[in-house]
Amino acid sequence: MVSNQEIEKAVKFLSCDQLVAFPTETVYGLGADATSSVAISMVYLVKRRPIEHPLIIHIAEDEELDRWAVQVSDEAEMLASAFWPGPLTLILHKRADGISDEATAGLTTVGLRMPRHPVAQQVLKAFGGPLAAPSANRFGKVSPTTAQHVHDDLGSEIALILDGGPCQVGVESTIVDCTFDEPRIVRVGGITTEEITEALSRPIEHAPDGSVAASGTLPSHYAPQAHIELCDISAVVADAERLLEENRVGLLVSVADLREVQRRLPDELIVLESPQDLEHFARDLYARLREADTHKLDVLLVVPPERAGIGAAIYDRLTRAAAPRPH
Ligand code: TXA
Ligand code: MG
């Protein structure tokens, strides 16, 4: 997929504070040397991200947990050993030296994640240090799940994009804050709440929205140009007819839901490719949201899937994509 030569090139760029986009199992990341304040300021600049939003720090080796964090709780250790490498980020107390203050937005905590995508691991191991990697898109927009998405969004502004094919999970990592007595889920994502509950052998709380500076927890985020409207399957035909009077309208529903309404849908409605199951819904979600814009839709009607398992993360991203936008 990615040659050794390309990995070497990536390491060279990263070592002189340049940005390299690389695939992870969740979404493509915009990689930068997490110990360099110069490289980190480039990330904020290119993403147009407000500097008070900290970045997730990516690592490849188990030892790095204690290298970059202190007072790691037993439950944090349990979660790391259950889900790393994988789509889980742990918020921990930050060790004072090493990771740049800019990367953690001046906080005394640090978000650590060990991705399982082979290309992410290759880059991290070859670089030999921590990489800050927010999703490789402009702030507030739809995250990229292919190298082409990154190219479309930021291609002219970054040194290199490593193409590791389409991301398999498709929604960002789950973030668990482990700096309190009780761990709390800050962002739902690739590891389900059910899986975390099982690993901890007890239920876990969700932090209220806005309680941490997590950009993925802002009301409006992950948004394409098209207006996103969520609707129930029972209302989809009527909603589509109403909206089509004045708009170019698309529809995103699961295969099972589509079967129920297919014969009653208006002809002018643009039906996007339907996901087979929850995993595919998550994997293809951002590509479909981007398609809403390539089809120049005014409105994308979406019938959200059930909220169990990865469906909770899908529902979360859809409600943020549908939220009123700041002007
Ligand atoms: O799946 C992912 O996590 C992707 C891939 C590329 O690894 N990365 C990602 O990064 O989603 P980003 O920067 O788009 O989202 C990071 C989230 C932000 O909402 C940020 O505020 C939160 O993690 N975060 C990072 N460090 C934190 C900290 N110390 N305390 C609270 N929140 C933190
Ligand atoms: Mg993001």
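Order of appearance sets the numbers: ligands from 1, and atoms from 1 within every ligand. All residue numbers refer to positions in the sequence shown, counting from 1.
The pair R264-E241 does not count as a salt bridge, with every side-chain nitrogen at least 4.0 angstrom from each carboxylate oxygen.
Every atom of ligand 1 with a heavy atom of I175 under 4.0 Å away is listed here by number and element: 17 (C), 22 (C), 23 (O). If you number the atoms of ligand 1 from 1 as listed, the ones under 4.0 Å from a heavy atom of S173 come out as 1 (O), 2 (C), 3 (O). Listed by atom number, the atoms of ligand 1 under 4.0 Å from T109 heavy atoms are 28 (C), 29 (N), 30 (N). Ligand 1 places these atoms under 4.0 Å from at least one heavy atom of E172: 1 (O), 2 (C), 11 (O). The atoms of ligand 1 that sit less than 4.0 Å from any heavy atom of L55 are 25 (C), 26 (N). Shown in contact with G29 at under 4.0 Å from a heavy atom are these atoms of ligand 1, numbered in order with element: 6 (C).
Only the side chain of R113 comes within contact range of ligand 1, with a heavy atom under 4.0 Å; no backbone atom does. With a 4.0 Å cut-off on non-hydrogen atoms, H117 does not touch ligand 1 at all. Residue contacts with ligand 1 for P54 involve both N, CA, C or O and side-chain atoms from C-beta outward (heavy atoms, distance under 4.0 Å). By the criterion of a heavy-atom distance under 4.0 Å, the backbone of V110, and not its side chain, is placed next to ligand 1.
Counting heavy atoms from C-beta on, the side chains of I204 and E182 never come closer than 4.5 Å.
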Donor-acceptor contacts, no H, no angles, side chain residues 1-20, under 3.5 Å, sequence neighbours left out:
| from | atom 1 | to | atom 2 | distance (Å) |
| --- | --- | --- | --- | --- |
| S3 | OG | E6 | N | 3.2 |
| S15 | OG | V11 | O | 2.6 |
| D17 | OD1 | S36 | OG | 2.7 |

Can you give each donor-acceptor pair under 3.5 Å made by side-chain atoms of residues 269-280, sequence neighbours left out, with the distance rounded to 0.1 Å?
| from | atom 1 | to | atom 2 | distance (Å) |
| --- | --- | --- | --- | --- |
| S274 | OG | V253 | O | 2.9 |
| D277 | OD1 | E279 | N | 3.2 |
| D277 | OD1 | H280 | N | 2.8 |

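Between atom OG1 of residue T179 and atom NZ of residue K94 there is a gap of 14.0 Å, rounded to the nearest 0.5 Å.
Smallest separation of non-hydrogen atoms from L297 and V249: CD2-C, 3.8 Å.
Residue contact annotation: Y222 places no N/O/S atom under 2.8 Å from the Mg ion (ligand 2).
Residues L301 and V261 share a single hydrophobic cluster, defined by chaining ILVMFWY side chains whose heavy atoms lie under 4.5 Å apart.
Using a 30° and 60° split on the angle between ring planes, F22 and H58 fall in the perpendicular class, above 60°.
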